[in-house]
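Some notes on the structure that comes next.
Reminder, nothing fancy here: chain letters follow the sequence lines and each chain counts from 1.
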Protein chains: 2
Amino acid sequence: MGSRSNVVIDGIRQMITSGELVAGSRLPVERELGARLGVSRGPLREGVRALVVLGVLETRQGDGTYVTSLEPGQLLEPLGMLAELQSPENSVHLLAVRRVLEPEAAAHAALRISDDELAEARRILERGEAILSVGDDVDLEATIDVDTEFHRLIATASGNPAFAAIIDALVGRTARARLWRAIHQHGAVHDTQREHRAILDALEAHDPDRARIRMSVHVLGVEDYTERHVDEQPVDDVD
Amino acid sequence: MGSRSNVVIDGIRQMITSGELVAGSRLPVERELGARLGVSRGPLREGVRALVVLGVLETRQGDGTYVTSLEPGQLLEPLGMLAELQSPENSVHLLAVRRVLEPEAAAHAALRISDDELAEARRILERGEAILSVGDDVDLEATIDVDTEFHRLIATASGNPAFAAIIDALVGRTARARLWRAIHQHGAVHDTQREHRAILDALEAHDPDRARIRMSVHVLGVEDYTERHVDEQPVDDVD
DNA sequence: GCGCTCGAAGTCATCAGACCTTTCACCATG
DNA sequence: CATGGTGAAAGGTCTGATGACTTCGAGCGC
């Protein structure tokens, strides 16, 4: 048992679930909170830091410690780092989740996407076409950005923050970079762009069935690429 | 920003992604690791503790600190606590995710569930029937356990650990208790049991389509209950 | 009166040192 | 060969002091 600092985590968690602390609340000072939970500042800070990483708390030096909004997007953020740590074999499992979630998100998005969001989606795809039009020397980083933003926009437009957060986190940068390199090597970047365009058409028509099906096909293709090229590339850390 | 302890987290994360540390590796001792990352023991322990909570590291007093298996089930575990902190309004969003994932998991499970797992599923549902047969005074806690175990078994049998972990975590105990109270108040416990039985039949027949459809109906019903009774019950903390 | 500057108090962040608890391996003993 | 003890090593905890940052208000100049 990592006893003392777990006491801190459980204690703060219960203070939240009991309603003593709500979103935006300020926590007692370190000394006081430590005394109340029966731990010294060391373990107390460990527990608080863990909750900060989980997106539950937020510390501001010189000011105090506060409870975050506790919204799904906030709390699911650390998922991103975890996806990053997955070995390539497990990427297949994560992609399977994406394959299920994204078509549903697209269908929802088709029903409720706003004109502003549609315009934004069009802008993103136009950037993608501009990148591809330069010829064979495609800017891979920029292509990945386009892909990421397009999928993120749809996930957000679904209106379900949990969808958005999970989808956003599920495929980390490393896996995504590896994937796109494979796609590029096989000259499939134009296929991807065309699939994106087809999805956008369905969104513009507010047609959930077409949006769902086209997103399914799209992600399925991504999944195939991953399965086939899972062991091709070494990992190169970016950040 | 969150300077020193974030340095620790990023540092360890990069040691893992770079391959210097792999699953099961032992980390350098605290003093040495701290010296290497340029931090003292305090912040170092904060960062390590955060990664322990995220399921990335594991500390054993008197022995050392080790990298965990890094499997999806391990890393997605903290999701459970986060679901617990969600306000009832957001439970709807989490259930929407469940509604998409669980039918797919059931379909996969139908194709690959083992005889042992089928036997286990039967035992679980028999327990559920035993609970219901006693009359009107139903043991709500035991019913919740049966429901949890049944869904968890199917998620595991899907063969995708990411499915299992997300489904398992998505509806926390508090939300689940609230939900079941509503179901019970409306005398719908028998309906639930019958739906479970129908799903099991599909699994025994290894029929993915029927499994998917029946799980869809089942979770959809759960979702309806949640939407209708989201604001009925106060939160009562259990643990 | 108004605005600006500066300082004091409060708070989190970090460092340093000491001591406790647990684990494991080695070794002596039977 | 088995067994138990002993000690080194590692993480866990506590304490005190110092630094960094934010906030707020008093004082000052205009």
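Remark: P of D:dG12 and CD1 of A:Ile9 are 13 Å apart, rounded to the nearest angstrom. Rounding to whole angstrom units, CD of residue B:Gln61 and C1' of C:dC19 are separated by 13 Å. Residue A:Glu58 contributes atom CD, which lies 13 Å from atom P of D:dT22 at whole-angstrom precision. Distance A:Leu44 CG to C:dA13 C1': 13 Å, rounded to the nearest Å. Whole-Å rounding puts the A:Arg45 CZ to D:dT13 P distance at 15 Å. Taking atom CG on B:Leu51 and atom P on D:dG11, their separation rounds to 14 Å, with Å as the unit. Taking atom CG on A:Leu57 and atom P on C:dC12, their separation rounds to 12 Å, with Å as the unit. In this structure, the CZ atom of B:Arg60 is 17 Å from the C1' atom of C:dT21, given to the nearest Å.
One finds a side-chain N or O of A:Thr65 lying less than 4.0 angstrom from the OP1 or OP2 phosphate oxygen of C:dC12. Regarding contacts with the backbone of C:dA13, a side-chain N or O of A:Thr59 is found under 4.0 angstrom from either OP1 or OP2.
The pair A:Arg98-A:Glu223 does not count as a salt bridge, with every side-chain nitrogen at least 4.0 angstrom from each carboxylate oxygen.
When all heavy atoms of A:Val100 and A:Pro103 are compared, the pair lying nearest together is O-CD, 3.6 Å.
The nucleotide whose nearest atom lies closest to any side-chain atom of A:Val29 is, among D:dA10, C:dT11, C:dA13, C:dT11. Considering only the side chain of B:Glu30, D:dG11 comes nearest among C:dC12, D:dA10, D:dG11.
Listed for the A:Asp168 side chain is no donor-acceptor partner under 3.5 Å among the backbone atoms of A:Arg152.
For the salt bridge (charged side-chain N to carboxylate O under 4.0 Å, His left out) with B:Glu20, the qualifying choice from B:Arg36, B:Arg13, B:Arg26 is B:Arg36, the only one to do so.
Shown here is A:Arg122, whose CZ atom has more than 12 heavy atoms of other residues, nucleotides or ligands within 6.0 Å.
Under 3.5 Å, the side chains of A:His196 and A:Asp147 contain a donor-acceptor pair of N or O atoms. Side-chain contact of A:Glu117 with A:Ser114: a donor-acceptor pair under 3.5 Å is present, judged by distance alone.
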Identify the pairs formed between an N or O of the protein and an N or O of nucleotides 15-17 of chain C at a distance under 3.5 Å, and give each distance.
from	atom 1	to	atom 2	distance (Å)
C:dC15	OP2	B:Ser40	N	3.0
C:dC15	OP2	B:Ser40	OG	3.1

